[in-house]
Structures are given as C-alpha cells and as structure tokens.
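Here the structure comes first, spelled out in structure tokens, and everything after it is commentary.
Throughout, protein chains are lettered first and strands after them, A, B, ... in sequence-line order, and every chain is numbered starting at 1.
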Amino acid sequence: MAKKNKVEEITPINEDFSRWYTDVILKTELVDYAPVKGFMVIRAYGYALWENIQKRFDNEFKKTGHKNVYFPLLIPESYLNKEKEHVEGFAPEVAWVTQGGDTQLAERLCIRPTSETIICSMYAKWLSSYRDLPYLFNQWCNVVRWEKTTRPFLRTSEFLWQEGHTLHETFEEAQKETMRMIGIYRDVCEKYLAIPVVSGQKSEKEKFAGAHATYTIEALMHDGQALQSGTSHNLSDHFAKAFEMKFLGRDNTEQYAFSTSWGVSTRLIGGIIMVHGDDNGLKLPPYIAPTQAVIIPIAQHKEGVLDKAYELYDSLKEQFRMEIDASDMNSPGWKFNQYEMKGVPVRIELGPKDIEKGQCVLVRRDNGEKIYVDLDEVSIQLENLMDSIQQSMYDNALADRESKTSVAKDMDEFKKNLAENPGFIKAMWCGSEDCEDKIKEDTGATLRCVPFAQEDLGSDRCVCCGQKAEKMAYFARAY
RNA sequence: CGGGAUGUGGCUCAGCUUGGUAGAGCGCUUGGUUCGGGACCAAGAGGCCGGAGGUUCAAAUCCUCUCAUUCCGACCA
C-alpha cells in the first residue's frame, strides 16, 4: 500500500474552476494524459470508480431484460454511409484505418464513433419474424471521435461507454423503451451518483444524427455550466430502412423494425467531480466510491494500536470497501488530507486514547463532522453513515442547482441572469430553430432540453421572439 | 480549426534578455527520532533542458519546423 501521491495544493475551486478540475483529476490519480492529443490514461483509482458506476447501470439494464454483447471496433465505410443524417453528423470526427501491415485496404474502415451501423447490419441479418423481437442488447466498449478541443472525462477523442441498441415491432414499443432507458439513467444518476438531473427532450437541432427523437439528462456543474450526462434515442424506422431490418409481421406482411439506442459514458466521472468536489479535492458518493472508508491508525508505533486497527479493518472489509493506511512514512495529518483529496467518504481514526475508551472516530468527508463510536457499533454506524452521506450529497447538489436556476421572460432578463448567476435558465420557447440559434449567438447558452416536467412560468411568449410559445425549456452554457 | 501562454530530475519552478560543461524547494532512497490536521535530523540517488533540423569553436539559451499541455473562441457526448 505504498503511497506515492504528491500531496500538493489544489487551485481553489472559485478562483479558477478549470485549473481546479485539472489539478484534482491529476493529483488524485484518476487519470493522466496519454502521449497522443485528446487521449487519456484512466489510472487505477479512476477505473475503480468507473467499474462501480458500470455495475450500477449494468445491474439496471439486466433487470430490464437487456443482455450484453460485443461488436467489433472497425466498421466498413460503406456501412457508415447508409444512413444519410447519421453519416453527416459523424463524418467530421471519424478516425480511419486505411492500411493493414503494409497493405493498403480496398475499403477504408472507420473506428467506431458509435455502433448503430454495424449493429443494425447484423440485426438485419438475424431478424426474420416478429417472434424474434424485441432485441434488447447492450455493449460496454470504447469509441473514438476526433475532437478538436479535449478535456479528460468531459471530451476526449476516445472514451468508454455503454451503448444499448434495441429493436422493436412497433414505433410505440420503441418509444416506450426510449423513455424507460432515460428514466433508468435519471434514477441511477440521482440515486447512486447523487447527481440531480433534468430530463427531457432535445430540440431538432440538438438531437442525435439519424434519430427521430433524443431524450437527455442534464446536470448542472459547480460553475453553472450544464453537462449532458446521458442520452436515449428513438430511431424510429430510420435505421431499419437504411439497413433493411425487416421481419414478417403478425399479419404475414413484411415490416420494418423500430430501433432505439442509448448511452452513458466516462463523462459521468467528470460530472461527479464537478458537482460534488470542493477546495480539498474530490468528494465521492459512498455508493460508488472505490474506497468507502479508510482507517488511519494514530501513533501506530505504540503497543497494540496496529493490531487493533487491523482487527477493525478485518471486521469491516466484507461489508464495506475498506482501506487501511498503516504506512510509516507519512504523518496522520498528511493522511487526513490525502484521503480527503481522494474523496473517501469516511475516515476512521483509531489511536491509543480511543483504544483505552473502546471507541474510534468517524469523520465525514462531506461536512467534516466527527463522530465518536464504540468499536462494536462501528459497522452499523458506518452503514447508516453511508446512506446519510449519500443523501446529504444529493440534497446539497440539488440545493446548489436550484440556487443556480432562474426564470427569464425576455432576453434582457436572460442575459442578466446568465451574467449574475450562471446556471440553468428556464424560459418559454416558440419551438423555432431561429430563436435557438439567436440565443446561442447572443449568450453562448444552448437549449439543453424541453423538460418532461413542464412548469407554468407565468408567460406564454417566447423568451427570444415574443411569439406565442407553448414549451418551457432549459437553457445553459454547456460542456 | 483560429488567437494567446507553456514545455528544464517524480512534482513546482529558476536559469534564456546578454550562448561558455545544469540549479533550488518539495518528493524519492537509507538510518534514526517522531505520530490526535500536511513532523525533524543526517547521509545519498536522480536531468544529455518535449522532439527534429539549423546558426556557432560552443546552444537549455538564438532561428525554423514539429509534438503535447493549457486558456479563449468556432465544432461536438
């Protein structure tokens, strides 16, 4: 358990948020930069976090009948070209393989930016009857999108994600699936990542290339910028028609299937960092933290301290993701700071004075509260603490989001809000792309979504053009 | 992809203007003393200065190209 961490200062979060973010991800050893621009190495601590996130989502996918599969990394160019909107959307950021060994390929191959095309082409091959449906498959993989500006987790040229791809007999069924999955995304984010999200529909302009409709969950970061955190697409029969996904229906006629796709990525890690983090570094939700509690022995050279510490560790390690830092080279104070920086939800201090009293000290990362607990009650107290920290992190994130959410009835108010209190702006929208464009041009804010939960803002006029508007939308600057 | 900044032991940086054989602090190793919020003493190890080319007797330093990071815009999960 050698500690190699360089414990150094982190730029204060409100002084320079970007630098704070970079400092945190590097110093907590979540990631490091790879030699190729836009690529990152996910280090052990970062990957452990990703695995815990994966488990939570994967569990929900399985519960709803989805099975995991794996499709290849490389896709022939001709496949990509089959769906017009899709190829136009992705072509600018596709990476190509043109050579194998020293042989030039007859057809160049794209490194998947997403897998609709290859998956649909295989579905087309397998599908013959309505009895085969639905297809409910998911894959965990990497994708490559050649991005111009990159930031670890938030936008990298390669990232890890899951992509669900389902096939249905009817449009209605596909729509139901699309909504079900965006609901799962919302629930997992809120329950396990402690990130409150706004869920709703993307505008035509912002929807997925080739989709009939895109639904999204949007989270708000500490700096008031929004982060698109997961999307679910109803692809209708667009890909079915492009890839000949046909089956013989109940009425003995040939019909096109209806498909959906949905994904969340390692970008969520960026969200966790930027929603919960503070001046001391990371603050990880207990339900997904790689280490839920760390035991730090105090005056560990003294008779019996280490024995007692390990005894405690052994008694908890089955129930919690535990760590014990009995390294001799750093002082307890150093360790306190170290594990706070790494966002470990609970620190357990155990020293000679505690042992005398048969107790230990639990210290919460989220609010610094110290709790003195009898040694034989640690397990149950820790269990409660996990729930209470999780809940309180969610509550705080929600309160923070609400404090950064405002209503605008006209553009003056819109700009004023964005300048004075950056965050979500709720406003009426007439539905035109012109207004969407104009708002973006004038303010830098984009339409994040038309939320499922519509509200009465006391106006029925578009915030931009003043025409009659029926939809309430969320706007924000976004990552 | 445009504009700015940066790149020197593991980390943070000095040295560059005015070319002349590479510096500090932290970290690391070993030994000892410490230990309830970033301990201390002593002795050590470690760098052809992002990469390539050029100018020069001589380049971390000057010139050209290139790669990467970062910030600001345009583009996208």
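- Within residues 37-56 of chain A, the residues having any heavy atom under 4.0 Å from RNA chain B are, by residue number, A:K37, A:G38.
- For A:K370, counting side-chain heavy atoms from C-beta on, the closest listed nucleotide (B:U70, B:C76, B:G37) is B:G37.
- A donor-acceptor contact closer than 3.5 angstrom is absent between the side chains of A:N52 and A:Y47.
- The residue A:V361 sits close to a base: some heavy atom pair falls under 4.0 Å.
- Neither OP1 nor OP2 of B:C75 sits under 4.0 Å from any side-chain N or O of A:R155.
- Looking at A:E88 and A:K84, a side-chain N of the basic residue comes within less than 4.0 Å of a carboxylate O on the acidic one, giving a salt bridge.
- Nucleic acid contact for A:F90: none, since no nucleic acid atom lies under 4.0 Å from a heavy atom of the residue.
- Contacts of A:K302 with the nucleic acid, taken as non-hydrogen atoms under 4.0 Å apart, are absent.
- Here A:R19 lies out of heavy-atom contact (under 4.0 Å) with every strand.
- Exactly one residue among A:F57, A:Y215, A:F61 makes a ring pair (Phe, Tyr, Trp, His ring centres under 6.0 Å) with A:W262. That residue is A:F61.
- Of the candidates B:C75, B:U70, B:G37, the closest approach to any side-chain atom of A:E340 belongs to B:G37.
- Where A:G444 and A:P297 meet RNA chain B, the nucleotide closest to each residue was compared, and A:P297 sits on the side nearer the 5' end.
- Comparing B:A74, B:U34, B:U70 by their nearest atom to the side chain of A:Y33 picks out B:U70.
- For B:A24 and B:G44, the P atoms lie 14 Å apart once the distance is rounded to whole Å.
- At a threshold of 4.0 angstrom between heavy atoms, the contacts of A:L227 with the nucleic acid are absent.
- Both A:N280 and A:G89 lie close to RNA chain B; mapped to their nearest nucleotides by heavy-atom distance, the more 5′-ward contact belongs to A:N280.
- Relative to the ring axis of A:F336, A:R347 places its NZ or CZ within 45° and under 6.0 Å from the centre.
- The cationic atom of A:K191 (NZ for Lys, CZ for Arg) does not lie both less than 6.0 Å from the six-membered ring centre of A:Y287 and within 45° of the ring axis.
- For A:F336, counting side-chain heavy atoms from C-beta on, the closest listed nucleotide (B:C71, B:G37, B:C76) is B:G37.
- Residue A:T156 is in base contact, counting any heavy-atom pair closer than 4.0 Å across all strands shown.
- Across B:A39 and B:G46, the matching C1' atoms stand 25 Å from one another, rounded to whole Å.
- Using a 4.0 Å heavy-atom distance criterion, A:R151 is classed as a sugar-phosphate-only contact.
- With both ends at atom P, the span from B:A74 to B:G20 equals 45 Å, rounded to whole Å.
- Contact annotation: A:S331 side-chain N/O to B:C35 OP1/OP2 distance is not under 4.0 Å.
- Both stacking criteria are satisfied for A:H301 over the base of B:C35: a centre-to-centre distance under 5.5 angstrom and an angle between ring planes under 30 degrees.
- For B:C75, one of the phosphate oxygens OP1 or OP2 lies less than 4.0 angstrom from a side-chain nitrogen or oxygen of A:K440.
- Heavy atoms of A:S18 sit under 4.0 angstrom from primed sugar atoms or phosphate atoms, though from no base atom.
- In the set B:G37, B:C1, B:G36, the nucleotide with an atom closest to the side chain of A:T149 is B:C1.
- Nearest heavy-atom pair, A:K283 versus A:H276, reported as atom, atom and distance to 0.1 Å: O-CB, 3.3 Å.
- Within the 4.0 angstrom heavy-atom criterion, only backbone atoms of the sugar-phosphate kind lie near A:Q228; the bases stay farther away.
- Taking atom C1' on both B:G9 and B:C28, the two are 11 Å apart, rounded to the nearest angstrom.
- Contacts of A:D354 with the nucleic acid, taken as non-hydrogen atoms under 4.0 Å apart, include base atoms.
- Cation-pi geometry between A:R145 and A:W161 is satisfied (NZ or CZ under 6.0 Å from the ring centre, within 45° of the ring normal).
- A:E147 comes within 4.0 angstrom of a nucleotide base, judged by non-hydrogen atoms across all strands.
- Remark: the separation of the P atoms in B:C49 and B:G10 is 13 Å, to the nearest Å.
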Subject >> side chain to side chain contact (heavy atoms under 4.5 Å, CB included) between A:V363 and A:E369, worked out >> reply: CA-CA 6 Å; A:V363 185; A:E369 188 190 346; over 6 Å; no
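- Proximity note for A:P352 (side chain, C-beta onward) versus B:C1, B:C71, B:G36: the nearest is B:G36.
- In this structure, A:K82 forms a cation-pi arrangement with A:Y79, its terminal cationic atom sitting closer than 6.0 Å to the ring centre and no more than 45° off the ring axis.
- At the heavy-atom level, A:T114 lies nowhere under 4.0 Å from the strands shown.
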